[in-house]
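Heads up, the thing below is written out as structure tokens.
Note that these values count all heavy atoms, side chains included, but never hydrogens, waters or copies made by symmetry.
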Amino acid sequence: MTGPAVPFREIVLKVHSRCDLACDHCYVYEHADQSWRTRPKTVSDDVISKTAQRLAEHAKTHALPSVSVILHGGEPLLAGPARLRRVCEEFGSALSGVADLDLRIHTNGLQLSPRYLDLFDEFDVKVGISLDGDRAANDRHRRFADGRSSHPLVLKAVELLRQERYRHLNLGLLCTIDIENDPHAVLDALVALDPPLIDFLLPHATWDDPPPRPDKSPTAYAQWLLAVFDRWQEEGGPVPVRLFSSVLSTLSGGPSLTESLGLAPTDLVVVETDGQLEQVDSLKSAYEGAAATGFDVFSHSFDDVAAHPGVQARQLGLAGVSETCRRCPVVRSCGGGLYTHRYRSANDFDNPSVYCADLEALVRGIQERTSASTVSPALADRRELAAEQHDLTRTLLAGLHEALDGRGGARWDEAWGLAGVLESSPEGAAGLDRVLAHAYTRTWLLDVLEGLHAERPEAVGQALRLPAYVAAAAVRSGLDLEVPADYRDGRLFLPTLGELRVAGPGGAGRLLVRAAGGGFAVREGSGAERIVPAGGDGPGWLPVRYVTAEGAPRLAIEDLDPYRDCFESPAAHRLDPAGAEAWSEAVGRAWELLERAAPGQAADAAETLTTLTPLVAGRNTARPHGHGAVGLVLAGGTRELAPALLRGLRRARLRALLDVTDLYALDGAWEYRLPWERNTKVPFSGLLAGTYERVGLSFLVPGFMDGVPEALDMMDGAAEPTVGGMRLLRSLREEVRGVQGTSGMNILRNAVDHEPAR
């Protein structure tokens with residue numbers, strides 16, 4: 001499986017193939033690939049010149065704004081200052097006017113001196129040094145061949161790089177993990193050197209040659225790293241740690257910051273001292289020749305390497321990881337682990353990482369430790385909010401599948417399998433997405449999960465509504481897929497489509513449902529097939545109807561879904577045709593008023609609101625539901641309905657945000673007196689909800705801004721808000737500043753309200 005080649009933005013140039021240390025965990029000398037023995041010790045002038053030329057051609061072809069060149073080994077400083085100067089000059093000259101050049105060198109530091117650093121200062125070469133912690137930790141592996149410690153010389157190099165005149169060249173420290181080292185001592189030793197960055201690296205290993213686990217724990221490396229993370233957090237994150245930053249970034253929906261984690265395609269190529277072009281160097285841990293491409297800088301371009309199957313395999317993102325990884329909920333963060341660590345001789349790289357359990361435990365551990373302070377992008381982008389809501393629904397569905405643990409029997413398994421068939425095509429996936437995005441799908445899922453947890457006997461039967469959801473998705477997809485679905489009490493409800501009345505009360509059976517000519521066809525057993533027009537009335541067919549008023553968005557009037565009764569007021573029964581028409585007209589008038597008085601909120605609602613559910617006056621127990629639904633009591637005229645619609649929108653959005661991110665913690669530990677109701681005290685959640693609602697309604701309702709600034713000041717000074725909560729408070733202050741006088745209120749006062757809803 002291949003795709004368009006991703007251009008290389010980074011090359012590793014091996015300037016010297018030997019080393020002055022004898023580290024027993026080195027992938028170059030101690031692992032499977034021993035090709036270093038046949039290579040020249042030092043890179044030649046011809047290789048340097050040709051590599052610089054190839055990189056400049058590549059950057060120009062792909063219009064790359066910048067490229068990185070990492071000088072590596074062996075130990076690159078063994079090449080000597082003159083050879084390194086030649087490298088800097090050649091690449092600087094070749095890339096001049098083509099792309100910015102970022103030069104770096106990774107070294108063990110033993111040879112580092114002012115002579116080298118003055119050279120690096122001249123060409124702005126950044127320096128990264130390998131150091132595994134304190135002396136005890138470092139000397140466990142990083143020794144001279146005769147067993148002498150390298151630690152004092154490395155510290156000398158680090159201190160030299162910390163001098164004011166060289167500090168700008170400091171890339172930071174690279175630390176290879178050994179779980180027998182004290183994690184706190186390692187972190188403390190590294191932090192004491194005040195590096196700009198610490199990069200913790202898992203020791204290279206494969207399924208054929210797994211990492212050492214002295215205590216046999218499958219998560220020993222995760223526990224070691226989490227001990228470091230806890231110490232790092234306790235100290236306030238004194239130094240950036242790339243591994244932790246990457247996990248936190250991906251948990252917030254951002255990119256991976258390291259090749260070791262995440263699904264970003266590889267953009268790196270290695271040039272050996274003899275000019276051979278190879279894949280990422282860590283592959284030498286897998287087997288002899290694993291990194292080889294058969295290409296060299298003299299006969300091949302970097303585009304040739306980018307098209308190599310081995311390189312392309314690491315550019316497929318999620319499609320490039322194993323099936324186990326694709327099913328794993330943390331794959332966005334771990335990315336299946338470093339490609340090398342997936343190797344097993346029986347099936348090459350089509351495996352999870354040999355550190356799979358560690359990576360999952362690490363991601364989950366960091367997520368648990370930081371969930372209260374992770375800012376969701378949904379706070380700033382309504383499209384992100386919709387996407388996160390959809391992900392949450394899918395996660396709940398997967399959780400239900402796991403919680404059933406086979407109790408759903410053949411009917412659940414059949415529907416689950418057919419959902420997988422739908423997922424395999426764009427049309428089917430779109431249809432399934434549409435049905436899962438239905439607001440009351442969430443209510444069903446949560447109700448069933450709660451029932452299973454409470455061991456309610458009817459919960460498994462409620463779960464078996466899944467076939468109806470799959471059938472509705474198949475109809476929406478238009479695919480020629482027949483889905484069995486059960487009707488109960490004489491009725492089959494197809495979410496987002498409508499209700500089919502098949503038999504009298506108490507009747508039960510099974511129908512076969514398929515898409516047919518803009519509607520769908522049903523038949524029972526070997527009986528005759530019946531065509532149902534999905535959008536229109538038919539015998540026994542009650543379709544979902546929509547708001548049809550001119551200017552209003554096309555909103556579903558949901559008065560059929562069995563799970564719609566989840567608002568503070570009870571859900572109305574099925575509206576008769578006149579009632580549905582009156583509802584549509586009333587909502588249209590309210591929407592027109594909303595667009596005039598609060599155009600920003602109307603525009604937001606038009607993109608996020610999908611469903612209106614008619615309610616009747618009274619008290620009801622509210623339950624969770626998905627994004628996009630509002631329940632309304634249709635009483636009074638436009639002046640009453642417009643604020644009710646806006647109130648519902650505000651409540652729905654805040655609830656949706658709380659579904660996907662933590663806005664506050666320790667709710668209930670303190671109480672706050674409401675500025676607009678001095679005798680009422682509420683927890684932080686109540687103060688936030690009231691303020692959020694009042695800010696929105698202030699566009700329409702006179703006096704609703706009263707007390708809002710005071711409430712915002714209270715919340716700004718409160719202990720409960722998380723980083724995400726503070727972000728929301730800032731956006732509320734921006735909304736307050738956007739309220740334009742009383743124009744909206746005047747519009748509301750002048751609204752025609754003598755037309756009560758019929």
Side-chain angles (χ1 to χ4, degrees), residues 252 367-376 378-380 385 388-389 392 396 439 442-443 446-447 449-450 453-454 566-570 601 615 618-627 629-631 643-644 646-699 701 703-736 739:
S252 298
Q367 185 175 23
E368 290 168 2
R369 289 160 167 80
T370 62
S371 60
S373 60
T374 301
V375 178
S376 168
L379 284 163
L385 177 57
E388 289 194 29
Q389 284 281 315
L392 177 56
L396 288 170
R442 177 84 54 81
T443 314
L446 290 172
D447 190 59
L449 285 167
E450 181 184 331
H453 180 72
C566 55
F567 295 94
E568 294 175 353
S569 295
Q601 294 190 69
L615 307 178
R619 299 181 64 84
N620 195 32
T621 302
R623 292 186 292 158
H625 60 77
H627 190 45
V630 168
L646 186 52
R647 179 182 286 109
L649 290 169
R650 297 292 285 191
R651 290 179 177 178
R653 179 169 174 78
L654 182 59
R655 183 172 53 246
L657 287 172
L658 288 166
D659 282 341
V660 299
T661 189
D662 292 317
L663 299 177
Y664 46 79
L666 300 177
D667 188 44
W670 295 271
E671 288 189 328
Y672 301 87
R673 194 179 302 277
L674 290 177
W676 44 87
E677 294 180 27
R678 295 293 180 179
N679 294 326
T680 302
K681 289 185 176 181
V682 294
F684 183 89
S685 58
L687 181 61
L688 176 63
T691 305
Y692 192 85
E693 182 177 310
R694 291 178 77 87
V695 170
L697 283 168
S698 65
F699 286 87
V701 183
F704 259 55
M705 188 59 71
D706 296 347
V708 166
E710 183 181 348
L712 288 171
D713 288 342
M714 278 195 285
M715 289 187 286
D716 276 340
E720 294 94 332
T722 63
V723 174
M726 295 304 294
R727 170 70 178 272
L728 182 64
L729 294 179
R730 289 197 300 272
S731 72
L732 283 175
R733 288 195 182 275
E734 292 171 3
E735 277 195 88
V736 169
V739 177

In this structure, OG of S698 is separated from CE of M705 (nearest 0.5 Å) by 3.0 Å
**Study point:** L732 side chain near V708 side chain, heavy-atom distance below 4.5 Å
**Key:** no
Taking the side chain as every heavy atom from C-beta outward, state whether L654 and L663 have any atom pair closer than 4.5 Å.
yes
Hits for side-chain hydrogen bond (donor to acceptor under 3.5 Å, both in side chains) against H625, two or more places apart or cross-chain, chain-then-number order -> R655
What one should report as the nearest heavy-atom pair of H627 and A439 is O-CB, 4.0 Å
Residues 677-687 vs salt bridge (Lys or Arg N to Asp or Glu O under 4.0 Å), sequence neighbours excluded, gives R678-E710
Looking only at heavy atoms, the pair that brings S569 and G618 closest together is OG-O, 3.1 Å
Please tabulate, for side-chain N and O atoms in residues 683-695, each donor-acceptor pair with protein atoms closer than 3.5 Å (sequence neighbours left out).
| residue | atom | partner | partner atom | Å |
| --- | --- | --- | --- | --- |
| S685 | OG | D667 | OD1 | 3.4 |
| S685 | OG | D667 | OD2 | 2.7 |
| T691 | OG1 | L687 | O | 2.7 |
| Y692 | OH | R653 | NE | 3.4 |
| E693 | OE1 | R651 | NE | 2.7 |
| E693 | OE1 | R651 | NH2 | 3.4 |
| E693 | OE2 | R647 | NE | 2.9 |
| R694 | NE | F704 | O | 3.4 |

Closest non-hydrogen contact found for P624 with L446 is CB-CD1, 3.5 Å
Does the side chain of L615 reach to within under 4.5 Å of the side chain of E568, using non-hydrogen atoms?
no
### Query
So, the side chain of Q389 versus the backbone of G626: is there a donor-acceptor pair under 3.5 Å, distance only?
no
Is the shortest side-chain heavy-atom distance between V682 and E671 below 4.5 Å? no
Nearest heavy-atom approach of C566 to T443 is SG-OG1, 4.1 Å
Item checked: Presence of salt bridge, D713 and R733, under 4.0 angstrom -> yes
In short, L646 meets G696 closest at the heavy-atom pair CD2-O, 3.3 Å
*asked:* Are the side chains of R442 and L392 in contact, using a 4.5 Å heavy-atom criterion?
replied: yes
Any heavy-atom pair between the side chains of L657 and D659 that's under 4.5 Å?
no
